[in-house]
Amino acid sequence: MSDLKNLIQQKFNNEPFGGNGSLKALSQKGIELFNEQGIPTVKHEEWKYTRISGVLGKEFSYAVDATAVTTTDVDAVRLPGHEMANELVFVNGIYHAELSNIRSSAEELVILPLSEAVKGDYKSIIDNNLGHSAKYHTDGINAMNNAFAYQGLFIAVKKNKAVEHPLYCYYINDARTAGVLSQPRTLIHVGVNAEVFLVEEEITLGTSDSFINRVSEIVVEENANVHIYKIQNEDSHSSCVKTTHVRQLGVSKVNSVTLTLNGGMIRNNLNFILEAPGCESNMYGLYCVKGETHVDNHTIVDNQMPHSLSNELYKGIIDENATAVFNGKIFVRQDAQKTNAYQSNKNVLLSDAATVNTKPQLEIFADDVKCSHGCTVGRLDEEALFYLKARGIGDKEAKALLLHAFAGEILEKIELEPIREYADQIISERLGFEI
């Protein structure tokens with residue numbers, strides 16, 4: 001890992017800090033912790049089943065010319081419904097306004113570099129929330145992103161505003177001339193009585209190795225509603241660690257759906273911190289992987305106050321030599337009485353070589369709660385297959401029908417119709433199911 005450490009340190013030394021002391025302090029602490037911790041190995045309990053050192057041992061560069069990405073490149077990767085969306089384009093980790101399309105007015109939506117936002121009206125929000133994810137992720141990967149947080153983007157959804165146009169975020173790595181390591185960073189503040197839809201997708205251009213280490217911290221105020229949809233459908237030379245850290249500071253509702261199909265090594269960290277009474281959090285995930293893809297979903301739900309509800313359902317379809325990991329932690333703190341917290345992980349293995357490691361966890365420090373957690377791993381239901389084939393449905397079609405029904409419980413949680421239809425299409429194509 002010496003080459004990576006040298007690359008990160010050189011990048012850190014060569015670029016000036018932006019913003020005020022809080023940004024500088026977070027960046028300085030990040031580089032120090034990264035140099036101390038390095039890249040986690042399988043000896044690290046949270047990385048027991050995911051070997052990230054091999055991925056980061058490849059040759060990467062920070063110096064790739066981001067201006068080589070054009071509007072034509074972006075046109076080729078736009079998601080359905082983009083005509084009515086705010087499109088935010090990040091190239092090699094940095095937000096590019098000239099490639100983006102912002103349709104909402106400044107009365108609804110504010111988009112600023114963190115280094116600018118921290119100097120103005122949003123200083124206290126940034127000081128109080130940027131870097132909060134580090135309390136839950138103390139490894140070198142999160143620290144590496146913190147080191148360059150000053151390059152990040154601040155997004156504010158104004159209070160009492162339901163943003164009409166969803167936010168489509170495209171994270172593009174341009175690996176057409178060299179391997180690229182990028183570290184996008186966003187802090188999103190959703191004001192009182194506000195609502196927003198977020199759609200996120202990573203894209204690699206070219207065939208060189210690509211690694212995205214992304215951290216997105218979302219602050220949700222009272223009576224706000226947030227919908228988060230992630231689509232992961234990359235090539236085998238593209239790997240990533242994606243951390244989404246949600247703080248619900250007032251009674252609010254947040255829904256998250258993560259859809260994973262293809263990629264090299266994929267690690268999803270999803271944290272929900274329920275810091276006010278009466279919060280609702282819904283976390284849904286579907287990983288339908290094959291080939292050599294490795295997907296690792298790590299989730300944390302931290303119930304800190306009473307009368308909150310959290311639902312978590314992750315489903316996996318693993319084929320060929322693919323591997324999957326699910327590690328879900330639910331904390332119910334002493335003050336979180338009357339909490340309802342549910343967690344379920346269900347997996348279907350389609351080949352003898354497919355592997356899944358699942359570890360649901362529940363830690364309860366309160367005595368008046370309703371909580372449950374569990375997991376299943378198995379094959380397709382033979383009785384259901386027999387029933388369908390007995391009615392003239394072919395073997396391949398019968399399997400596709402059962403798997404599509406299995407996946408449908410997650411897909412139906414996507415409320416944006418163009419994104420739901422697109423997700424159904426790519427899942428159906430993967431399963432051989434005709435819509």
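Throughout, numbering of the chain's residues begins at 1 and tracks the sequence. What's counted below: heavy atoms across the whole structure, side chains too, no hydrogens, waters or symmetry copies.
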[X] and [Y]: side chain donor to acceptor below 3.5 Å:
X    : Y    : answer
H96  : E98  : yes
N321 : E292 : yes
T355 : T323 : no
D235 : S238 : no
N345 : T358 : yes
T339 : N303 : no
N271 : R247 : no
T243 : H137 : no
T204 : E234 : yes
R267 : N269 : yes
Y136 : N142 : no
N225 : E195 : no
H404 : D424 : yes
E200 : Y229 : no
E312 : S344 : no

Using a strict cut-off of less than 4.0 Å between a Lys/Arg side-chain nitrogen and an Asp/Glu carboxylate oxygen, indicate whether [X] and [Y] qualify as a salt bridge.
X    : Y    : value
R379 : D352 : yes
E363 : K329 : no
K230 : E202 : no
D381 : K399 : no
R185 : E217 : yes
K359 : E45  : yes

Just checking H189 against Y122, ring centres under 6.0 Å apart? no
Are F197 and H227 an aromatic pair by the rule of ring centers under 6.0 Å?
yes
**Report entry** Atom NZ of K58: over 12 foreign heavy atoms under 6.0 Å
**Finding:** yes
- Around E320, counting heavy atoms of other residues, nucleotides and ligands shown, do more than 12 lie under 6.0 Å from its CD? yes
For the residue pair [X] and [Y], would you count it as a cation-pi contact if the rule is NZ or CZ under 6.0 angstrom from the ring centre and within 45 degrees of the ring axis?
X    : Y    : value
R333 : F331 : yes
R214 : Y171 : yes
K346 : F406 : no

Parallel, tilted or perpendicular: which one describes the rings of F148 and Y150, with boundaries at 30° and 60°? tilted
Q. Under a 4.5 Å cut-off applied to non-hydrogen side-chain atoms, are L114 and V118 in contact?
A. no
